[in-house]
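All chains are named by letter (A, B, ...) in the order of the sequence lines, taking the proteins before the strands, and each is independently numbered beginning at 1.
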Amino acid sequence: MIWGNGMDKIYRRLLLKAGIIAVVVLTSMLILLPSAMATPGLFAQIPEGFEQSCNLCHSQPPSLNSFGESFKGNGYSFDGMQTEPEPNHGTNPGTTPEEPTTTTPDSQGITVELLLPAEITRGDKVNLQAKVTSGSQAVEGKKVEFYEETNFFISGKMKLGQATTDASGIASINYWPRATEEDVKLIAAVPGEGGSKRVEGVGTISPALTGTLIEHAEGLRVPFVGNWMIAVLVSGVWLTYAFVVVTTLQIRKARDVAEVEEVPGEEEKQQYA
Amino acid sequence: MNNVEQRAELEARLLAPVIKTGKGYNAILFLLAAVVLWGIFAWIQQLQKGLIVTGLRDQVFWGLYISTFIFFVSISLTGTFLSAVLRITGNHWQTPVNRLAEVITGAALLAAGVMIVADMGRPERLLNVFIYGNIQSPLIWDVIAICSYLTGSLIYLYLPLIPDIAICRDKLGEVVSPFRRKLYQLLALGWRNTPGQKAKLEKVINVMAVLIIPVAVSVHSVTAWIYAMTMRPGWESAILAPYFVISAFLSGVGMVIMAMTIYRKAFRLEKYITMVQYSKLGWLFLALTFIYAYFSFAEILPGGYKLEGHEMELLNLLFNGQQSTLFWSSIVGGILIPVAIVLWPKTRNITGLTIAAMFSVTAMWIKKSFLLVVPTLQIPLMPFPFGQYNPTWQEWSITLAAVAGFALVIGLFFRFFPVVSIWEIADMWKEPSHEQSGAPLLPRLDKSKGGA
């Protein structure tokens with residue numbers, strides 16, 4: 001016999017107990033973990049006026065967002081904290097597309113300029129560019145993230161993409177503006193690293209609306225392939241079922257010629273009783 | 001002991017639980033029924049107040065219900081699939097546990113359907129799925145595949161049951177209630193073990209054994225495609241369908257091993273469910289665990305190597321984020337512990353294998369059900385904050401009720417029908433060396449005397 005023949009009782013009991021404990025622990029984790037988000041002690045201290053959510057401090061637990069970092073830097077105290085963390089940029093809401101936006105430099109002197117084309121049509125491809133400089137020097141190899149500020153049920157930043165700056169400090173992505181608002185706010189951001197803060201460049205575009213935003217696409221076309229194949233396959237399965245059921249029901253008719261007649265007697269029935 | 005005495009003992013042992021079960025067995029059935037009733041109470045609350053009583057929201061819109069649906073679909077694979085494969089290849093070692101496995105399949109598919117209804121805010125519109133369903137949607141493919149598999153599995157469960165139902169009809173007589181007598185009379189289809197009847201039954205069993213294999217694989221592939229057809233991190237993967245099939249096979253084997261141990265003990269079937277079944281299923285369980293481990297690695301590696309966008313967020317969430325404890329528990333509990341238990345000679349026994357199966361099935365629910373659904377939906381694709389999901393007591397109650405209902409269906413089924421196929425076991429005894437001497441390609445019923 002391939003399998004073992006047994007083990008002593010003590011060992012078996014230990015194994016059984018370990019199994020039960022493990023299942024209980026796993027089950028408990030299932031129940032408890034989803035609510036075990038932010039540090040409970042700190043979560044309970046969130047004062048009124050602040051968002052009563054793990055997202056106040058965490059972008060993705062246990063990672064901290066900028067507010068979480070500030071809170072940590074403030075010695076885990078809400079005293080003097082603001083509900084909206086201030087991004088480190090010099091936003092100019094009136095910026096026109098023709099003018100590049102400017103930012104205040106971070107501690108390392110890095111600034112981000114969002115370069116926007118003069119004319120933009122809604123639905124057409126736009127090459128979004130951001131220039132990263134340190135003083136007057138272009139910075140190569142910096143990751144730049146591009147966002148569109150949207151108001152879809154709630155307000156927030158929708159990530160459009162990211163690119164790395166080239167030798168001239170330019171990072172660019174292709175973007176198709178589809179928002180229906182007249183003015184669309186765009187953001188180019190260099191994430192903070194090594195203790196430096198995130199730096200942002202902001203601009204607003206007013207894309208012209210021409211044509212339609214909806215494109216009708218048929219999808220992949222393969223000759224002879226279509227829904228009829230599903231119909232044939234499914235029909236084949238169900239017709240076979242029907243054949244099986246009909247054949248099975250004919251079993252009743254096929255009993256006429258009995259090969260073996262084993263009619264149990266009363267004694268045998270009593271035996272099972 | 002001659003053949004007649006052996007047969008009489010076999011029938012006496014296997015028909016005894018059909019006549020009367022122990023108090024403990026009945027108490028467990030009552031307990032399961034109570035859990036089901038509690039779940040129905042919770043479901044009524046959900047119907048009255050809507051899905052707002054659940055932890056499901058716009059962002060994480062699938063939770064415990066859909067996770068458990070996937071789990072039930074998974075464990076439904078092995079019963080019918082393994083039975084069919086072994087039947088058409090002429091292997092009979094699994095005969096004593098075939099019925100148990102096939103009933104698990106049927107009960108699991110019914111419970112999967114319950115989870116879908118529970119997840120629907122307006123279950124009275126269920127019929128609309130069939131009336132207005134869009135054939136281009138993988139959801140509709142899944143509805144078609146599951147309905148086909150459930151129907152096929154129930155037919156495949158019923159066919160080999162006919163001779164045993166005839167045995168119940170003929171041998172139990174007045175011992176059972178009039179209702180049961182009528183039930184056996186009806187379901188036995190007038191079985192008298194005639195050559196014509198045997199030829200027909202043999203024919204349809206063979207047809208179903210061949211047909212049910214691709215249908216079973218299609219169910220698990222289509223269920224995977226519900227996710228794989230979307231552009232979401234963790235779901236958009238070409239290997240999801242075969243990964244589903246393997247993990248379904250593994251969790252199904254685990255569930256069969258657990259059920260074997262329970263019924264072997266409860267109905268004192270040590271003579272019929274022997275080390276042979278544990279040995280073969282144990283090695284199969286080990287091999288499947290290795291394949292599952294390979295797929296788990298292959299699923300993660302490409303995303304982990306590229307570390308782009310949402311895929312990176314998902315891996316962070318699983319590896320060291322909110323879901324990391326569950327994730328690593330599922331890896332340890334689903335791969336390392338079962339492999340260690342099965343490979344270590346001291347734990348390589350029925351108790352060890354059953355514990356390994358418990359670990360595996362639990363981990364499979366965590367990894368291939370809960371962690372497949374929830375973390376992916378937590379990743380915001382729109383400018384939303386990070387998604388949260390906290391199941392409510394209504395969700396836990398309804399989910400536990402479905403699990404209890406699954407066990408209850410199996411328990412009640414074996415109050416009415418023998419847990420082991422009497423006529424097939426009798427056949428095996430007549431051909432003790434059939435596996436070595438060249439077994440027939442398909443099962444032979446001509447040697448059977450069942451139900452005569």
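Checked against a 6.0 Å centroid threshold, the rings of A:Phe146 and A:Tyr175 do not count as neighbours.
Using a 4.5 Å cut-off between heavy atoms, B:Leu159 touches chain A through its side chain atoms alone. For chain A, no part of B:Leu64 is nearby; none of its heavy atoms comes within less than 4.5 Å. Contacts of B:Ile212 with chain A are made by side-chain atoms alone, with heavy-atom separations under 4.5 Å and no backbone atom involved. Proximity to chain B (any heavy atom under 4.5 Å) is restricted, for A:Val234, to the side chain, taken from C-beta onward.
When A:Thr248, A:Leu249, A:Val245 are compared by the number of non-hydrogen pairs under 4.5 Å with chain B, A:Thr248 comes out ahead. Options B:Val215, B:Ile155, B:Thr151 differ in how many heavy-atom pairs under 4.5 Å they form with chain A, and the most are formed by B:Thr151.
Salt bridge absent: A:Glu148 and A:Arg178 never bring a charged side-chain N and a carboxylate O closer than 4.0 Å. Between B:Arg7 and B:Glu9, none of the side-chain N atoms (NZ, or NE/NH1/NH2) sits under 4.0 Å from a carboxylate O, so this pair counts as no salt bridge.
No more than 12 heavy-atom neighbours from other residues, nucleotides or ligands sit within 6.0 angstrom of CG on B:Asp58.
B:Ser369 and B:Ser67 are not linked by any side-chain donor-acceptor pair at a separation below 3.5 angstrom, with hydrogens and angles left out of the test.
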